[in-house]
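Presented below is the structure to which this report refers.
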Amino acid sequence: MREYYQGRLIATVGDITEMSVDAIVNAANASLLGGGGVDGAIHHRGGPAIMRECREIRRHSFPKGLPIGRACITRGGKLDARYVIHTVGPVWKDGKQHEDALLEACYRNSLDLAAGHAANSVAIPAISTGAYGFPRERAARVAFGAIGEFLYRNTVPRTVFCVFYSIEDYEIFVAEADAILQAVSEQE
Ligand code: AR6
């Protein structure tokens, strides 16, 4: 476990579906109708109530699917989280298709929804770095920057947990985060 931004960003290793937090972020797809990875695990453990709400959201708000970079919110079902915030990360192509900006938007819009629902603790997975193939180092830099920026401007959520599924992914994130902070301190 490693803390950044005065303890408001905590990097940790584990299964995100086991987190006791106000909100868990789901790396979903545009259909909001489930899939593998984090998405599959969240629906499996959270039970069918989450999927029912996702279908309603599709019907009422996003008949063509949730756009990349956007986020929506449901309750947490059987999870130990009041809410699940569903966001759709970009599929990695070559880095020239606005992948960074879209991934950044996922973090920003997810945290914005969390703040709007007074969620003080939020757990976020490494969006787009699984099935969607985003390079993990680059995704770590985007995530660290986007979360830091949000926390700097907002008091809610108080704490964001970046939850990595493997120690290797966690170590990549920590190395990138440390390098960013080192570069910043050298500029000062
Ligand atoms: N807890 C924490 N992290 C996890 C867990 C877990 N239980 N399971 C996987 N990860 P992915 P994406 C990590 O593929 O790349 C789905 O089918 C995983 O190791 O879940 O955004 C959706 O329906 C990786 O580092 O999401 C979409 O179709 C990270 O979570 C598509 O995959 C993200 O991997 C989205 O792809």
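Here the structure is a predicted model, which is why all the values come from computation and not from measurement. Read the numbers this way: they start at 1 and go in the same order the structure lists the ligands and their atoms. The figures that follow rest on heavy atoms only: side chains count, while hydrogens, waters and symmetry mates do not.
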Heavy atom to atom 35 (C) of ligand 1, shortest distance: which of Tyr132, Trp92, Tyr170 holds it? Tyr132
Does the pair Arg2/Asp178 count as a salt bridge with the N-to-O cut at 4.0 Å? yes
When you check the gap from the basic side-chain N to the acidic O, do Arg75 and Glu53 get nearer than 4.0 Å? yes
Carboxylate-amine/guanidinium proximity below 4.0 Å for Glu168 and Arg136: yes
At what distance is the nearest protein heavy atom to atom 7 (N) of ligand 1, and which residue and atom is it? Asp15 OD1, 2.9 Å
Among Ser166, Ala126, Gly36, closest by heavy atom to atom 17 (O) of ligand 1 is Gly36
Is it true that Glu18 and Arg45 have a side-chain N and a carboxylate O under 4.0 angstrom from each other? yes
Atoms of ligand 1 less than 4.0 Å from Asp39 heavy atoms? 22 (C), 23 (O)
How far is atom 28 (O) of ligand 1 from the closest protein heavy atom, and which atom is that? Asn29 ND2, 3.2 Å
Compare Pro125, Ser128, Ala28 and give the one whose heavy atom is closest to atom 12 (P) of ligand 1. Ser128
Sub-4.0 Å heavy-atom approach of Gly14 to ligand 1: yes
Can you confirm, on distance only, whether ligand 1 has an N/O atom lying under 3.5 Å from any N/O atom belonging to Thr17? no
Ring centres under 6.0 angstrom apart (Phe164, Phe173): yes
Given Ala131, Ala139, Gly89, Gly37, which one has a non-hydrogen atom that is nearest to atom 14 (O) of ligand 1? Ala131
Is the centre of the Tyr5 ring less than 6.0 Å from the centre of the Phe144 ring? yes
